[in-house]
Each structure stands twice: as C-alpha cells, then as structure tokens.
Amino acid sequence: QLQLVESGGGLVQPGESLRLSCVTSPDTLERYQIGWFRQAPGKQREGVSCINRGGASLYFLDSEMGRFTISRDDAENTVYLQIDRLKAEDTAAYYCAATIQFCNSNPSRYIYWGRGTQVTVSS
C-alpha cells in the first residue's frame with residue numbers, strides 16, 4: 001500500500017516561509033506523479049503544484065506564480081513544497097497525493113492521499 005505522509009505545517013506570520021514535506025513509500029517517485037493540494041475551511045480542495053516522474057513541475061495557481069516551489073529528493077523519497085511570502089489566504093490543510101496519470105489539478109484523478117498538514121498564517 002502506497003503511503004504519503006505530510007509534515008512541516010504550522011502557525012506562521014504573514015511574509016514568512018514554510019517548506020512542507022511529503023514522504024512517500026519507496027519507488028513511488030519512479031511510478032507516480034505527486035501533487036500538492038490545499039483546502040481551506042468551507043472551500044473546495046484546489047491543486048497547487050505537481051511534479052512528474054521525470055522531475056518536471058507544474059503550478060496551478062496562476063495568481064500566485066513565484067511563491068510556490070515544488071521539488072523532490074529521490075534518495076529520501078520526498079517531495080517538498082516551499083511557500084514564500086505567506087499570506088493569510090494561504091491558511092489551509094495541505095495534502096500531497098499520487099496519480100498514475102499526467103500531472104493535473106483535478107483531485108479526483110489522484111489515487112493516494114496523505115492525511116495533510118495544517119498551515120495557519122496569522123499575525
């Protein structure tokens with residue numbers, strides 16, 4: 001059973017940065033594309049970014065270009081999401097998920113999900 005475990009969330013002030021981690025089962029990064037999603041209270045889950053098996057990355061929040069950076073460490077079976085210049089609007093539960101399909105922002109196309117890590121941005 002493929003497992004995904006997120007960490008790195010917390011309470012931060014506006015303008016600060018966070019790096020979220022998604023540790024996967026061995027060989028996952030060779031077989032699946034890994035996406036990051038977020039869900040704020042009362043809102044639908046939305047795609048943030050995705051990195052494919054070849055290491056290419058996509059970003060889905062056009063208005064936030066430049067603040068999110070996805071990367072991965074194959075030796076550690078880990079995908080990271082760096083979030084810079086955090087805003088109150090970034091407050092949400094952040095999830096990583098795996099898809100056998102191409103990278104996309106549709107949550108229904110992702111098969112495996114982690115339990116999420118909470119990011120709260122507040123002064």
Side-chain angles (χ1 to χ4, degrees):
Q1 180 74 17
L2 190 155
Q3 291 190 328
L4 302 161
V5 180
E6 305 93 336
S7 63
L11 174 62
V12 296
Q13 294 190 347
E16 294 184 338
S17 298
L18 274 179
R19 188 176 76 161
L20 308 182
S21 300
C22 172
V23 178
T24 71
S25 303
D27 300 328
T28 297
L29 301 185
E30 298 176 7
R31 299 169 57 195
Y32 295 88
Q33 280 59 241
I34 304 298
W36 279 99
F37 292 79
R38 68 182 184 182
Q39 188 166 19
K43 294 187 176 181
Q44 290 189 334
R45 192 166 295 188
E46 63 176 351
V48 177
S49 184
C50 179
I51 190 164
N52 69 15
R53 292 178 298 172
S57 55
L58 288 175
Y59 297 92
F60 305 126
L61 302 177
D62 292 339
S63 63
E64 305 293 348
M65 290 294 288
R67 293 203 302 118
F68 295 88
T69 305
I70 194 169
S71 62
R72 73 185 206 190
D73 183 334
D74 291 354
E76 298 294 329
N77 300 310
T78 301
V79 175
Y80 302 99
L81 182 70
Q82 175 81 22
I83 314 174
D84 296 319
R85 302 186 300 282
L86 278 152
K87 307 175 183 179
E89 305 90 274
D90 295 319
T91 296
Y94 284 73
Y95 301 87
C96 61
T99 181
I100 201 72
Q101 302 180 26
F102 54 87
C103 271
N104 66 92
S105 62
N106 186 344
S108 68
R109 297 185 180 273
Y110 288 75
I111 305 171
Y112 301 102
W113 289 83
R115 294 188 175 186
T117 185
Q118 178 67 34
V119 173
T120 303
V121 185
S122 175
S123 56

Undergrad: Test of understanding: clusters of I, L, V, M, F, W, Y form through side-chain heavy atoms closer than 4.5 Å, transitively. Do Tyr112 and Val5 belong to the same one?
TA: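 No, because Tyr112 and Val5 fall into different hydrophobic clusters, even though each may have its own neighbours under 4.5 Å.
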
Undergrad: Under the 3.5 angstrom rule, does the side chain of Thr91 hit a backbone N or O of Val121 as a donor-acceptor pair?
TA: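 Present.
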
Undergrad: Let me check something: any side-chain donor-acceptor pairs from residues 12-22 under 3.5 Å, sequence neighbours excluded? List them with distances.
TA:
residue, atom, partner, partner atom, Å
Glu16, OE1, Gln13, N, 3.0
Ser17, OG, Asp84, OD1, 2.9

Undergrad: Quick check: does any side chain N or O of Thr117 sit under 3.5 Å from a backbone N or O of Gly9, one acting as donor and the other as acceptor?
TA: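 Checked: pair present.
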
Undergrad: Applying side-chain hydrogen bond (donor to acceptor under 3.5 Å, both in side chains), can you list everything that pairs with Glu46, at least two apart in sequence or on another chain?
TA: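 Counting only residues at least two positions away or on another chain, Glu46 forms a side-chain hydrogen bond (donor to acceptor under 3.5 Å, both in side chains) with Arg38.
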
Undergrad: Got Ile83 and Tyr94 here, is their nearest side-chain heavy-atom distance under 4.5 Å?
TA: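 Sidechains of Tyr94 and Ile83: in contact.
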
Undergrad: Pairs under 3.5 angstrom only: tabulate donor-acceptor contacts from the side chains of residues 49-61 to other protein residues two or more places apart or in another chain.
TA:
residue, atom, partner, partner atom, Å
Ser49, OG, Leu58, O, 2.7
Asn52, OD1, Gly54, N, 2.9
Asn52, OD1, Gly55, N, 2.9
Asn52, OD1, Ala56, N, 2.8
Arg53, NE, Gln33, OE1, 3.4
Tyr59, OH, Ile70, N, 2.9

Undergrad: Which heavy atom in Ala92 sits nearest to a heavy atom in Ala40, and how many Å separate them?
TA: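 Heavy atoms of Ala92 and Ala40 come nearest at CB-N, 3.8 Å.
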
Undergrad: Is the shortest heavy-atom distance from the side chain of Arg72 to the side chain of Ile34 under 4.5 Å?
TA: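 Answer no - side chains too far apart.
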
Undergrad: Strictly distance-based, threshold 3.5 Å: is any side-chain N or O of Asn104 a donor or acceptor partner for the main-chain N or O of Phe102?
TA: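 Judged by distance alone, yes, a pair lies under 3.5 Å.
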
Undergrad: Tell me every residue that passes side-chain hydrogen bond (donor to acceptor under 3.5 Å, both in side chains) with Gln3, counting only those two or more places apart in sequence or in another chain.
TA: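 Gln3 satisfies side-chain hydrogen bond (donor to acceptor under 3.5 Å, both in side chains) with no other residue.
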
Undergrad: With sequence neighbours left out, write down each residue that passes salt bridge (charged side-chain N to carboxylate O under 4.0 Å, His left out) with Glu76, or none if nothing qualifies.
TA: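 Residues passing salt bridge (charged side-chain N to carboxylate O under 4.0 Å, His left out) with Glu76: none at all.
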
Undergrad: Is the number of heavy atoms from other residues, nucleotides or ligands within 6.0 Å of CZ (Arg85) greater than 12?
TA: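 Yes.
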
Undergrad: Once rounded to the nearest 0.5 Å, what's the spacing between atom CD of Gln39 and atom OH of Tyr95?
TA: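 The distance works out to 5.5 Å.
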
Undergrad: When rounded to the nearest 0.5 angstrom, what is the spacing between OG1 in Thr24 and CG in Leu29?
TA: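 Here the interatomic distance stands at 4.0 Å.
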
Undergrad: Flag the pair Tyr32 / Leu2 as yes when at least one side-chain heavy-atom distance between them is below 4.5 Å, and no otherwise.
TA: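 Touching, per the 4.5 Å side-chain cut-off.
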
Undergrad: side-chain hydrogen bond (donor to acceptor under 3.5 Å, both in side chains) with Asp73: which residues, sequence neighbours excluded?
TA: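 Residues passing side-chain hydrogen bond (donor to acceptor under 3.5 Å, both in side chains) with Asp73: none at all.
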
Undergrad: Please tell me if the side chains of Asn77 and Thr28 come closer than 4.5 Å, counting only heavy atoms from C-beta onward.
TA: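 Result no, sub-4.5 Å side-chain heavy-atom pair not found.
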
Undergrad: So, for Arg67 and Lys87, which heavy atoms are closest and what is the spacing to 0.1 Å?
TA: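 Scanning both residues completely, I find the closest heavy atoms to be NE-CE, 3.7 Å.
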
Undergrad: So, the side chain of Gln101 versus the backbone of Tyr110: is there a donor-acceptor pair under 3.5 Å, distance only?
TA: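 No: the side chain of Gln101 does not pair with the backbone of Tyr110.
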
Undergrad: Determine whether Trp36 and Val79 make a side-chain contact, defined as any pair of heavy atoms from C-beta on separated by less than 4.5 Å.
TA: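 In short, these two side chains touch, coming nearer than 4.5 Å.
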
Undergrad: OG1 of Thr78 to CG of Leu4: how many Å apart, nearest 0.5 Å?
TA: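 Atom-to-atom, Thr78:OG1 and Leu4:CG are 10.5 Å apart.
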
Undergrad: For the residue pair Phe37 and Trp113, is the inter-centroid distance of their aromatic rings smaller than 6.0 Å?
TA: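 So the answer is yes for these two rings.
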
